[in-house]
Amino acid sequence: MQQPFSIRVWLAALLTALMLSGCSSTTQKGAVGIEREQMLLVSQNEMTEGAKQAYSDVLKKAEKEGQLNTDPKRVKQLRAIADRLIPHTRIFREDAPEWNWEVNYIDSDQLNAWCMPGGKIAFYSGIIDTLELTEDEIAAIMGHEMAHALREHGRERASQAMLGQVGLAALQILGGVRGAALDASNMVVQTTFILPNSRTHETEADRMGVELAARSGFDPYGAVRVWEKMLKLSKDAPPEFLSTHPAHETRINDLKKYAKRVMPLYQKAKPAPTP
């Protein structure tokens with residue numbers, strides 16, 4: 001049965017209000033010019049509190065398995081790099097240097113590193129050892145992951161998922177959609193709305209990351225070298241249109257462009273050579 005006109009109008013107004021009320025930007029554009037508006041329906045506090053618990057769970061599991069901070073020299077290096085990067089997060093967010101940043105090292109074969117909302121960072125031994133990362137390259141990856149937190153990409157994706165659920169509920173009410181048809185609609189929402197934004201997130205984090213590295217005195221071309229190494233390991237990667245991340249070649253070309261843009265910042269910030 002078709003729903004009354006008043007209900008359809010109310011649901012349409014609700015969706016519109018949610019979309020409009022949630023549109024804002026969490027960061028300043030910096031030298032790399034990030035100024036896209038974001039849909040942020042979930043609160044920052046919710047994400048930060050959730051990250052604290054999730055991070056604690058990860059660390060407890062790693063410690064229980066004897067994988068947490070097993071190499072003191074590496075831990076010291078990672079935290080020293082973070083200490084150089086963190087003050088420059090201010091260029092994107094005034095409040096960010098005061099976040100409760102944490103950096104830990106996990107002994108695992110995973111080629112992985114991440115930063116949860118609020119500045120909770122983890123590096124895995126696999127990515128450092130397999131790619132034989134230099135300090136500049138570690139800084140490039142760390143800056144990229146910090147940029148995800150600065151830009152609140154996790155909060156944005158959670159908000160997109162929330163809106164998607166509201167929209168699907170409205171679809172059920174308006175059209176009586178059930179079962180397989182509703183599942184198909186959910187898949188369409190995922191692939192046409194959320195998936196492209198994930199590529200956008202990666203590009204934003206790449207560009208912000210090279211700026212953070214450059215301002216901190218790390219060679220911004222370190223990010224280019226990271227993805228050149230990743231390309232060698234990923235010859236069988238799926239084509240770009242099937243991936244949540246940009247194709248490696250696309251990414252490398254974009255990073256070269258933005259590394260060049262921030263080179264003056266690096267030249268100004270890098271330590272003077274030893275006499």
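If you read the sequence from its start, that first residue is 1, and numbering goes on from there. Predicted, not measured: the structure shown is a model, and the values here were computed from it.
A salt bridge (charged side-chain N to carboxylate O under 4.0 Å, His left out) with R151 holds for exactly one of E204, E156, E37, E202; it is E204.
From I121, atom CD1 reaches atom CG of N104 across 9.5 Å, with rounding to the nearest 0.5 Å. One distance of note links CZ of F123 with CD1 of I128; it measures 6.0 Å at 0.5 Å rounding.
Enclosure of atom CG in D83 by more than 12 non-hydrogen atoms of other residues, nucleotides or ligands within 6.0 angstrom is indicated. Other residues, nucleotides and ligands contribute more than 12 heavy atoms inside 6.0 Å of the CD atom of Q267. In E65, the CD atom is crowded: over 12 heavy atoms of neighbouring residues, nucleotides or ligands sit closer than 6.0 Å.
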Applying side chain to side chain contact (heavy atoms under 4.5 Å, CB included), run through R36 and H201 and close with a yes or a no. CA-CA 10 Å; R36 176 181 62 89; H201 292 172; 3.6 Å; yes
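In this model, no donor atom of one side chain and acceptor atom of the other lie less than 3.5 Å apart for R74 and N69. In summary, the side chains of D57 and Q53 do present a donor paired with an acceptor at a separation below 3.5 Å, with no hydrogens or angles considered. In summary, the side chains of D109 and Y124 do not present any donor paired with an acceptor at a separation below 3.5 Å, with no hydrogens or angles considered. Using modelled atom types, one finds no donor on one side chain facing an acceptor on the other under 3.5 Å when comparing Q67 with S108.
Counting only distance, with no hydrogens or angles, the side chain of T89 and the backbone of I86 share a donor-acceptor pair below 3.5 Å.
At least one side-chain heavy atom of K52 sits less than 4.5 Å from a side-chain heavy atom of K120.
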